[in-house]
Amino acid sequence: MELGPKIIWQIGPVPITESVVWGWIFSILILIFAFASTRKMQRIPKGIQGVAEFLVEFVYKMVRDVMGEAGEKFAPYMGTLLIFLIPGSMLGLLDCRPLAADLNVTAPLAIVSFVMIHYNAVRAKTAKGYIKEMSSPYAFMLPMNIISESMFPVTLAMRLFGNLLAGVIVMTLVYNALEVLSEMCGTGIPFFQLILPLPLNAFFDLFEPVLQGYIFVMLTMVFTSNARQVED
């Protein structure tokens with residue numbers, strides 16, 4: 001069982017893994033979807049435009065509920081995270097490694113969220129006000145708070161990566177065990193592999209990607225909203 005993503009091509013010292021390939025595929029599909037849904041917009045949406053408008057309304061409502069009206073400018077980023085992470089994490093349905101089961105995918109996303117959070121905190125409070133808040137109530141708290149804040153992208157990336165990787169490991173072990181069981185029965189038909197894993201597939205390949213993707217986006221929204229709040 002390989003814990004890391006498969007290497008598809010090797011360009012010199014740079015490996016092109018399945019995560020990179022699927023990442024580009026989903027990025028291209030998102031761009032195609034955005035272009036197709038806005039190419040011939042109609043007053044009464046239907047077809048792909050209707051799907052796009054439903055997604056946009058859902059994301060904006062979610063952002064408003066968590067971050068308030070002022071947080072609507074973050075909706076495009078949060079929506080992009082959702083439509084990239086959730087389908088990308090359902091690749092187990094195609095017998096492929098989920099995107100979020102690769103730390104090389106979750107870590108950059110967590111770092112981007114981390115930079116966005118603190119950039120907007122400095123914009124809202126100014127650099128002096130931000131440092132003052134980080135030093136509250138005593139100056140010696142500054143390095144401790146810096147260390148604490150620097151752990152956010154680590155925990156954000158590891159939470160998503162760990163949960164999806166655990167699903168990959170569990171499903172691999174289950175299929176291997178059922179393969180042995182099928183061979184012991186001597187039927188030559190992988191009956192156990194076809195029927196018994198279905199509930200686990202539904203959990204690890206459908207429910208878990210939606211849940212973990214939503215948690216990733218929700219934590220990003222909450223921390224961004226808190227960082228932008230200016231104390232009276």
Side-chain angles (χ1 to χ4, degrees), residues 26-27 29-90 99-100 105-137 145-146 148-157 159-160 163 207-232:
F26 275 103
S27 298
L29 289 176
I30 291 171
L31 288 174
I32 292 174
F33 175 75
F35 175 78
S37 60
T38 57
R39 186 164 175 262
K40 294 181 179 179
M41 298 188 67
Q42 302 175 346
R43 184 176 296 275
I44 300 177
K46 59 181 180 180
I48 191 170
Q49 181 187 340
V51 175
E53 291 199 13
F54 170 79
L55 291 174
V56 169
E57 290 176 3
F58 172 80
V59 170
Y60 270 80
K61 181 180 184 303
M62 179 182 68
V63 173
R64 282 195 301 268
D65 290 343
V66 177
M67 304 181 69
E69 297 288 339
E72 284 192 353
K73 63 180 181 180
F74 297 102
Y77 175 68
M78 304 304 172
T80 303
L81 280 179
L82 277 178
I83 62 177
F84 180 80
L85 280 176
I86 292 179
S89 298
M90 291 181 177
L99 277 178
V105 174
T106 61
L109 293 177
I111 291 172
V112 170
S113 293
F114 174 77
V115 171
M116 183 191 71
I117 289 168
H118 291 279
Y119 170 75
N120 282 280
V122 172
R123 285 193 63 187
K125 303 170 183 177
T126 72
K128 182 179 179 180
Y130 185 56
I131 294 174
K132 181 180 178 181
E133 182 181 286
M134 293 281 284
S135 304
S136 178
N145 283 327
I146 291 176
S148 175
E149 290 294 329
S150 65
M151 289 297 102
F152 172 75
V154 177
T155 57
L156 192 64
R159 176 185 289 106
L160 181 58
N163 280 284
F207 176 75
E208 189 76 358
V210 173
L211 176 63
Q212 296 303 325
Y214 180 77
I215 290 175
F216 188 99
V217 174
M218 184 62 64
L219 288 173
T220 301
M221 289 192 294
V222 170
F223 275 82
T224 303
S225 180
N226 290 342
R228 295 174 67 244
Q229 290 180 0
V230 180
E231 296 181 356
D232 296 330

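Heads up: numbering here begins at 1 and tracks the sequence. Computed from a predicted model, the values in this text were never measured in an experiment.
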Scan for salt bridge (charged side-chain N to carboxylate O under 4.0 Å, His left out) pairs involving residues 31-45, sequence neighbours excluded, and state none if there are none.
none
Once you round to the nearest 0.5 Å, how far does CD1 of I215 lie from CG of L85?
12.0 Å
What's the spacing between L160 CG and L99 CG if we round to 0.5 Å?
10.0 Å
OG of S37 to CD1 of I32, rounded to nearest 0.5 Å, is 11.5 Å
Shortest non-hydrogen separation from M90 to V210 and the atoms involved:
CE-CG2, 3.5 Å
Mind checking whether F33 and I83 have side chains closer than 4.5 Å, heavy atoms only?
no
Take L82 and L55 through the test side-chain contact (heavy atoms from CB on, under 4.5 Å) and record every step on the way to the result.
CA-CA 10 Å; L82 277 178; L55 291 174; over 6 Å; no
F74 side chain reached by M221 side chain, heavy atoms, under 4.5 Å
no
For Y130, the option from R123, H118, K125 that meets side-chain hydrogen bond (donor to acceptor under 3.5 Å, both in side chains)
H118
Within a radius of less than 6.0 Å around OH of Y214, do more than 12 heavy atoms belonging to other residues, nucleotides or ligands occur?
no
dist N163:CG -> Q212:CD (nearest 0.5 Å) comes out at 3.5 Å
Checking Y77 against S113 for the side chain to side chain donor-acceptor pair (under 3.5 Å) test, could you report, in this order, the C-alpha distance in whole Å, the side-chain angles of both residues, the deciding distance, and whether it holds?
CA-CA 9 Å; Y77 175 68; S113 293; 2.8 Å; yes
Is there side-chain contact between M62 and V217, with at least one heavy-atom pair below 4.5 Å?
yes
Taking S89 for its side chain and I86 for its backbone only, find out whether a donor-acceptor pair lies under 3.5 Å.
no
Tell me, which pairs form a salt bridge (charged side-chain N to carboxylate O under 4.0 Å, His left out) where one or both residues lie in residues 60-72, sequence neighbours left out?
K61-D65, R64-E72
Starting at CD1 of I117, measure out to OG1 of T224 and round the result to the nearest 0.5 Å.
4.0 Å
Plane angle bin for F26 and F84 - parallel if under 30°, tilted between 30 and 60°, otherwise perpendicular:
perpendicular
Which heavy atom of A110 sits nearest to which heavy atom of P153, and what is that distance?
CB-O, 3.4 Å
Nearest atoms (heavy-atom pairs only) where G71 meets V63
O-CG1, 3.1 Å
For the NZ atom on K73, are there more than 12 heavy atoms of other groups (residues, nucleotides or ligands in this structure) within a distance under 6.0 Å?
yes
Exercise: identify the closest heavy-atom pair between T220 and L156
OG1-CD2, 4.1 Å
Taking side-chain hydrogen bond (donor to acceptor under 3.5 Å, both in side chains) as the cut-off, I'd like each qualifying pair that reaches into residues 50-60, sequence neighbours left out, listed once.
Q49-E53
Which heavy atom of L219 sits nearest to which heavy atom of F152, and what is that distance?
O-CZ, 4.4 Å
Closest heavy-atom contact between F114 and E149?
CE1-O, 3.2 Å
